[in-house]
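See structure below.
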2 protein chains.
Amino acid sequence: MSPIEKSVARETASNISRAGKPTLKTIAEMTGLAITTVSRALGNAPQISESTRRRVHAVAAEIGYLPDRAAQRLKTGRTNVISVLLDPHEEILGFGTSIMHGLARALQATSYHLIVTPNFLDGSNVDAVNYIIRNGMADGLIFSRTEPFDPRVRLLLENGFPFVTHGRTEFSTPHAFVDYDNFAFAYEATKRLIAKGRRKVTIILPPRRLTFHQYMLHGFMTAVREAGVSYEIADALDLDSPADMIRDYVRRRSAEPDPPDGYTCPGEVSALATITGMSDNGFTLCAEYDIVAKQTSRLLSQIQPKVETIYEDLPAAGEAMGRLLLRRIAGENAEDLTMLLGPQFGFPTP
Amino acid sequence: MSPIEKSVARETASNISRAGKPTLKTIAEMTGLAITTVSRALGNAPQISESTRRRVHAVAAEIGYLPDRAAQRLKTGRTNVISVLLDPHEEILGFGTSIMHGLARALQATSYHLIVTPNFLDGSNVDAVNYIIRNGMADGLIFSRTEPFDPRVRLLLENGFPFVTHGRTEFSTPHAFVDYDNFAFAYEATKRLIAKGRRKVTIILPPRRLTFHQYMLHGFMTAVREAGVSYEIADALDLDSPADMIRDYVRRRSAEPDPPDGYTCPGEVSALATITGMSDNGFTLCAEYDIVAKQTSRLLSQIQPKVETIYEDLPAAGEAMGRLLLRRIAGENAEDLTMLLGPQFGFPTP
DNA sequence: GGTGTAATTTAAAACGTTGTAAATTTCCGA
DNA sequence: TCGGAAATTTACAACGTTTTAAATTACACC
């Protein structure tokens, strides 16, 4: 077919955009090219001449062509989907949402969609992971709250499935992760309490089975030992305990002899609960005791007197996880895809 | 092929589960049936004999067959996906997450997946809706914070695309929605303030462009007029204002003459900000002034003295939206799919 | 034992894309 | 002017499912 004939064919076919949405076929008819060529041109394959490449791109843009994800997925086996495991414990203070926004930012300009796989109410998180691997529901996975020998991580490693965790593990095989330096947080927070003159510090730790329990404890103990102050650790409760339980515990403990006068609170709600529990017994923040808390939202800046805080930037963590996961999917080595985010002092001005 | 031959064929083929995951073909080979028959049997089509139906189901379960979503989607045009538009304003107190958990519960036993379409940082939410409609990215849509003549709703109605909003609109064409009775909330909250003896009430309203601004205002004004107390409305700020701004406003206003002594707070963070602003000026909650706040989490029960609250059950709203959307997708009439959830007094015991 | 009808099962064609292998065109140097 | 290699384009076959229409089998009745 000569260039002139082609051009005629184009005029003829481009009368009305058909009922359904445009496909490669539509463009093929409009340009007089073969479907394969159009596909190639759009994919910027090397063997397509620059002129047709341009022409195809122009037509595609004009009619608002977007490839059918289902067909692509069927053919290539790639889903263009990244799945986030939503943990029920993340709901209180928008942890999930913060991370999600960061993730969204990372995936913004890519063709990836974000799908949320909530905790199966009955089964464990491992089932969800298994389901996703087995049925190829996503190209990559993101989740948080890792355990030292997290079964989800083990499963993913065994299957060579791309993922990024929020939190480290202790597997010898490296994997991509983003973590917050909770050692630094606890160390710094506790040091600050001591600097304020507090002489018996305490901390509300994450559940023992989670990896960051260790780091947190270690940071706390390091500060304690360096300063030689006394301390105690409440092992009847943890950060996942309902706020009421934390409040009740603090209230009870502060009524007993020799109560702590410095609290390291790695959670906003637990900080609030602590303040409430203390004030129930007539203790005043900054006067009789102090708190240094982890801050992930603007919540704590709303209460009086101001609680001293150390910031953890969750949207940044989300964005980092997104970027690392994309690189992991692209084939980069897992051991090069790790990231430890330091605590930031003071809430960044927006 | 005789039954015996079939049975032999089955034995022969079931030696090893092939490399890839099982497909209809796998089952067809194992049972000696045609692919079509297997598809029908799994779909419980009427013309399949009970015996083969059972046999196919058994084999499918045995080898853990799950239909390929991409192929189904390509063939049928249905995506089996429900998309949630995530609004940036929803991040503070896990609104998004709460709703999401409810939604997840509603979709639990269905084949639907939940995909999150975050606000496109640049474009408006309308672009996202348009994108989803045009490219058939989902079978149904869920979003919140409706305006009286919400352009998203208009677009969806024009295209006959199934959706459920959180919040009402004023279009004459009915559409599915779940809403919280904010009139009842504001009316009840304000009445309580008045019952406590407060004589000048005020309210922090949602942004004027959102539908529930009207309901909230109406409820507030009704209580005010019935009791004949005085009131004022801060129109320099709204519920979306940063907490610091609310706090500063309250602080400034309470230092001026004739300040309000009763606050209706339709948001948890704004309630906190109000308390802080007031206490900055030496006003004590329950003594010099009162607050009745909307409660969507256990946050407010953590501060002292207890703020009186009226509950809004967001997970329940999410679940309701999910169920309504499924029915809408199934073809039910939109006008039958509306739901107004009443305020509940006191936090339900879990 | 045939015949018609109902009950089951089946082959073949799509859905829109990409990969393989082959066909066509273009271009260069002899 | 002609081979032949390089450049460009193409046809066809998948991917796994559902749908349409047709084929086969079973069943009842005369």
Side-chain angles (χ1 to χ4, degrees), chain A residues 1-6 9-10 18-56 60 63-80 111 134-137, chain B residues 1-3 5-6 9 18-56 60 63-80 111 134-137:
Chain A
M1 198 187 275
S2 76
I4 293 176
E5 284 170 333
K6 278 180 187 170
R10 178 184 175 190
R18 272 222 323 276
K21 44 171 208 162
T23 79
L24 286 182
K25 197 171 164 191
T26 319
I27 303 182
E29 282 165 1
M30 289 176 70
T31 55
L33 293 165
I35 294 180
T36 310
T37 312
V38 175
S39 171
R40 294 241 141 96
L42 288 174
N44 295 323
Q47 71 260 58
I48 296 296
S49 78
E50 181 58 17
S51 67
T52 66
R53 201 192 67 81
R54 246 198 266 282
R55 192 152 57 98
V56 168
I63 66 176
Y65 167 79
L66 270 180
D68 183 301
R69 310 188 114 235
Q72 284 184 316
R73 176 166 166 181
L74 179 58
K75 189 65 183 58
T76 65
R78 305 191 59 223
T79 63
N80 268 291
S111 60
R134 288 275 93 71
N135 304 107
M137 296 312 306
Chain B
M1 198 186 272
S2 77
E5 283 169 333
K6 280 179 187 169
R18 271 221 325 273
K21 45 172 206 167
T23 80
L24 287 182
K25 197 169 163 194
T26 319
I27 303 182
E29 282 166 0
M30 289 175 71
T31 56
L33 293 166
I35 293 181
T36 311
T37 312
V38 175
S39 171
R40 296 231 140 102
L42 289 174
N44 293 323
Q47 71 260 56
I48 296 295
S49 80
E50 181 58 17
S51 67
T52 66
R53 201 192 66 82
R54 244 199 267 285
R55 192 152 55 98
V56 169
I63 66 176
Y65 167 79
L66 270 179
D68 182 302
R69 309 190 113 233
Q72 284 184 315
R73 176 166 166 181
L74 178 58
K75 188 67 183 69
T76 64
R78 305 190 58 224
T79 62
N80 268 295
S111 60
R134 288 277 92 71
N135 304 107
M137 297 312 307

Review point. Between dT9(D), dT17(C), dA11(D), which one does the side chain of D68(A) approach most closely?
Key: dT17(C)
**Study point:** Selection from dT9(D), dG16(D), dT18(D) that lies nearest to any side-chain heavy atom of T76(B)
**Key:** dT18(D)
Practice item. Give the rounded distance in Å between these two atoms: CD of E50(A) and P of dT9(D). Key: 11 Å
Exercise for review: Could you tell me the separation between the CG atom of L42(A) and the P atom of dT9(D), rounded to a whole number of Å?
Suggested key: 13 Å
Practice item. Identify which nucleotide among dT17(C), dA11(D), dT18(C) has an atom closest to any side-chain atom of A71(A), counting heavy atoms from C-beta outward. Key: dT17(C)
Check your understanding: Roughly how many Å is it from CG in L24(A) to P in dA11(D), rounded to a whole number?
Key -> 14 Å
Study note, to complete from the structure: Comparing P67(B) with Q47(B), nearest DNA chain D nucleotide closer to 5' gives the residue P67(B)
Review point. How is Q72(B) classified with respect to the nucleic acid when contacts are heavy atoms under 4.0 Å: base, sugar-phosphate, or nothing?
Key: sugar-phosphate
Exercise for review: Spell out yes or no: do the side chain of K75(A) and the base of dT18(C) have one donor N/O and one acceptor N/O closer than 3.5 Å?
Suggested key: yes
Exercise for review: Between L74(B) and S51(B), name the one whose nearest nucleotide on DNA chain C is closer to the 5' end.
Suggested key: S51(B)
Practice item. For L33(A) and dT25(C), give me the distance from atom CG to atom C1', rounded to whole Å. Key: 14 Å
Review point. Are D68(A) and K21(A) ion-paired here, with the side-chain N under 4.0 Å from a carboxylate O?
Key: yes
**Study point:** Protein-nucleotide distance (L66(A), atom CG; dG16(C), atom P), rounded to Å
**Key:** 14 Å
Check your understanding: So does S39(B) get a side-chain nitrogen or oxygen closer than 4.0 Å to the phosphate oxygens (OP1/OP2) of dT17(D)?
Key -> no
Practice item. Report which part of the nucleic acid S49(A) touches: base, sugar-phosphate, or nothing (heavy-atom distance under 4.0 Å, all strands). Key: sugar-phosphate
Practice item. Provide, to the nearest angstrom, the distance between the CD1 atom belonging to I48(B) and the P atom belonging to dT10(C). Key: 8 Å
Exercise for review: Quickly work out the I35(A) CD1 to dT20(C) P distance and round it to whole Å.
Suggested key: 18 Å
Review point. Can you find a donor-acceptor N/O pair under 3.5 angstrom joining the side chain of R40(B) to the base of dT10(C)?
Key: yes
Review point. Between atom NZ in K25(B) and atom C1' in dT10(C), what is the gap in whole Å?
Key: 16 Å
Practice item. Report yes if at least one side-chain N or O of T36(A) is closer than 4.0 Å to OP1 or OP2 of dT18(C); otherwise report no. Key: no
Check your understanding: Do L66(B) and R134(A) come within less than 4.5 Å of each other through their side chains, counting heavy atoms only?
Key -> no
Exercise for review: Report yes if some heavy atom in the side chain of I27(B) is under 4.5 Å from a heavy atom in the side chain of L42(B); otherwise report no.
Suggested key: yes
Check your understanding: Just checking, any donor-acceptor pair under 3.5 angstrom between side chains of R53(A) and N44(A)?
Key -> yes
Review point. Is R40(B) reaching over with its side chain to a backbone N or O of I48(B), donor-acceptor style, under 3.5 angstrom?
Key: no
Review point. Under 4.0 Å between a side-chain N/O of T37(A) and OP1 or OP2 of dT8(D), yes or no?
Key: no
